[in-house]
Amino acid sequence: MRRTAYFLPTLKETPAEAQIASHRLMLRAGLVRQASAGIYSWLPLGNRVLKRIEAIVRAEQDKSGAQEILMPTIQSAELWRRSGRYDDYGQEMLRITDRHEREMLYGPTNEELITDIVAAEIHSYKDLPKNLYHIQWKFRDEVRPRFGVMRGREFLMKDAYSFDLDFRAARHAYNKMFVAYLRTFARLGLKAIPMQAATGPIGGDLSHEFIILADTGESHVHLERELLDLDALALEVDYAQDLGPVVERWTRYYAATDEKHAPAKSPVPADKLIETRGIEVGHIFYFGTKYSAKMGAAVTGPGGERITLEMGSYGIGVSRLVGAIIEASHDDAGIIWPESVAPFQIGLVNVKSGDAVCDALAEQLYGGLRRMGVEVLYDDRDERAGGKFADMDLIGLPWVLTIGPRGAKTGTIERKYRRSGERTELGLDAVLAWAQGLNGACA
RNA sequence: CGGGGCGUAGCUCAGCCCGGUAGAGCAUCAGCUUUGGGAGCUGAGGGUCGUUGGUUCGAAUCCAGCCGCCCCGACCA
C-alpha cells in the first residue's frame, strides 16, 4: 500500500480527551475516531488490526470445536422478558421502539437469543455437545465510557455458548475454552493470566477472568511468578482428551485481582507473590441451567427423560484487545505491534522521494515485496525524513526498511526492528530473501 | 447516578475576569529554498466563538436553559 493513496490521518499533537496511552496512540496513529461518547469509527489501519485479532480468535475457537454463527445486534424485548432480565438489566441496556411500537433492544449479550435458537432446534441428547459462538458488536450504555475502546459503549465481542447434557460434559466444554483462551492470547503476543472470578449464586469454581499483563493496566493483580513462565503455545493440545491436567497447570498457582486479594487470607506467602497491573480481556463462565430452564432448552435423554441443558458462556473483548495490546506494547514514540496483529508487517521509508536513485530502489523493493505477498506500507510521500520516521514509529509496524541517498548509491537498504531499535544494512536481494522467510513465518 | 471541569480554525490553545465585531503555533493549499529523526521564508484559504433565549446602542466575553465532551467516584468485556 502506498502511503500517498492510503487513508491514514496521523496526529502530531495529542487530542485533549485522551488520557491513557492506548487511547492517545489509537487517535494519533489514525486507528479510530470517536463518533460519540464510547462509540468509535475504525479507520483503515485500526480496522486491519481488528480483523487480524478477530482472525486469531476465530481460528482458535474453530480449533477447539466451536462453530461460528452470527446473531443480530437488535433483539426483541419479549425474549428478555422470558429470562427475567429485561427488567433486571437496568439502564445499561439500550432500549429501542420500532415503528409498530414493539419494544426492541440493542443486545448487550446473547444468552437469551442463543438459548432460544438451541431450544427450538436441538431435541436429542445425540445432538450434544454443542458450542456456538459469534463475533458481533454489542452495546452497553455505560454511565461513563472512558479509555477509548477499552471501555466503550459499543464494542466488538466474541461470545461462545456451550450446551451439554450434564455437569461433567459442561466442565469439559469449559476446559476447552480455557485452553483455547490461553492459546488465543499467547498468539496475540500477550501474557494472559487466568484468575478465579466470582461465580455469583451458582457457586463452584468454574469462572475465570483472563487478565493480560500491562504496566498501565487498570487493575492491580497479585500472582505467583511461576505463572509467567508457562507457555501456552508449547502445549500439544488434543481437545478430545481430558484437559483437566492442562487447566490444573495454570490454576494451581495463586493469582487474584486487587478486589479479591486479601493478604491476610492468601494461601501463598506475600514474598512469593508479585504485584503487577493488568487488563481483563476475557471471561469464561459456567452457569448451569440458569437460562436453559427459563427458555425451555432441553433434550430427550437415552431413557426418554427430559434433560435441561447445562450451559456456559465465554467472552473475549475483541475491540478492547486493540487497546489492551497497545497498553502492553508501546513506548514513548508510539505503538509496537506484535507481528501477529500488525496491520502491515513492513514499513518502507523512502527518505528522499523525488530522487531518481532512491525512487528506483524503493519501487524495486516495494514491487518485490508485493509480489511475494508481504504486507508493506510504502511511505512515498514527499515529506521530510523526520516526519516519515516519526510516523513509522507511531504506527508501530514491526519492521521498517529505509532507503536514502546515502545507501541507495550502493543499493544498501537499512532494516530496523521496531521493538528493539536494532538496525542492519542489507542489499536488495538479502532483504527480499529475508522477507520471504518473514512471510512464511506469519502465514 | 453523585462531584468537578471544558466547548473559540482540522489539532493544541490564547482572548472571557474588565463587553466595542476573533488570534497564535501546528496542519492544509501555492511558490521558493531544503532533505537520514516531525525544517525555513513568502503568500493564501479556513471560524454563524456548541446551541437557544435574555441583558445591552453593541455579546466569544455578562445571565439562564438546553446539548455535547472530559475528569474523580460508584458501575463494568
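Quick note on labels: first sequence line is chain A, next is B, and so on, each numbered from 1.
Note on Pro9(A): nothing from the nucleic acid sits closer than 4.0 angstrom, heavy atoms only. Glu142(A) comes within 4.0 angstrom of a base, heavy atoms only. Using a 4.0 Å heavy-atom criterion, one finds that Gly387(A) contacts the bases of the nucleic acid, with or without backbone contacts as well. Here Gly152(A) lies in heavy-atom contact (under 4.0 Å) with a base. Across all strands shown, Asp159(A) has no heavy atoms under 4.0 Å from either base or sugar-phosphate atoms. Nucleic acid contact for Gly404(A): base, since at least one base atom lies under 4.0 Å from a heavy atom of the residue. Within the 4.0 angstrom heavy-atom criterion, base atoms lie near Gly407(A). Counting non-hydrogen atoms under 4.0 angstrom, Asp355(A) reaches nothing in the nucleic acid. At the heavy-atom level, Thr14(A) lies under 4.0 Å from the strands shown only through sugar-phosphate atoms.
Using Watson-Crick or G-U wobble geometry with both donor-acceptor distances under 3.5 Å, G2(B) finds its partner in C72(B). Applying the Watson-Crick and G-U wobble criteria (two distances, each under 3.5 Å), U61(B) pairs with nothing in any strand. With a 3.5 Å ceiling on both atom-pair distances, the Watson-Crick or G-U wobble partner of G10(B) is C26(B).
Spacing of C1' atoms, A44(B) relative to G53(B), comes out at 38 Å, to the nearest Å.
Taking the ring axis of Tyr86(A) as reference, the NZ or CZ atom of Arg95(A) stays within 45° of it and closer than 6.0 Å to the ring centre. Annotation: cation-pi pair Arg320(A)/Phe155(A) absent, no NZ/CZ under 6.0 Å from the ring centroid and within 45° of its normal.
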How far apart are the C-alpha atoms of Phe210(A) and Tyr181(A), what are their side-chain angles, what is the distance that settles it, and do they pass the ring-ring contact (aromatic ring centres under 6.0 Å, His included) test?
-> CA-CA 8 Å; Phe210(A) 286 75; Tyr181(A) 275 37; 5.2 Å; yes
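Arg140(A) contributes no side-chain N or O that forms a donor-acceptor pair with the base of C76(B) under 3.5 Å.
Nearest to the side chain of Ala390(A), among G38(B), G36(B), A77(B), sits G38(B). Distance from the side chain of Arg406(A) is smallest for G36(B) among the nucleotides G36(B), U28(B), C11(B). Of the candidates G36(B), C70(B), C76(B), G36(B) carries the atom nearest the Thr402(A) side chain, counting heavy atoms from C-beta on. In this structure, of G38(B), C72(B), A77(B), it is G38(B) that holds the atom nearest to the side chain of Lys12(A).
The CZ atom of Arg151(A) sits 8 Å away from the C1' atom of C75(B) (whole-angstrom rounding). Rounded to an integer number of Å, the gap from Arg146(A) CZ to G4(B) C1' is 14 Å.
Annotation: ring-ring contact (aromatic ring centres under 6.0 Å, His included) contacts of Phe389(A) (sequence neighbours excluded): none.
Contacts between residues 24-37 of chain A and RNA chain B, defined by a heavy-atom separation under 4.0 Å, are made by Arg28(A), Gln34(A), Ser36(A), Ala37(A).
Aromatic ring centres of Trp399(A) and Tyr417(A) lie closer together than 6.0 Å.
In this structure a side-chain-to-backbone donor-acceptor pair under 3.5 Å is missing from Arg140(A) to Met93(A).
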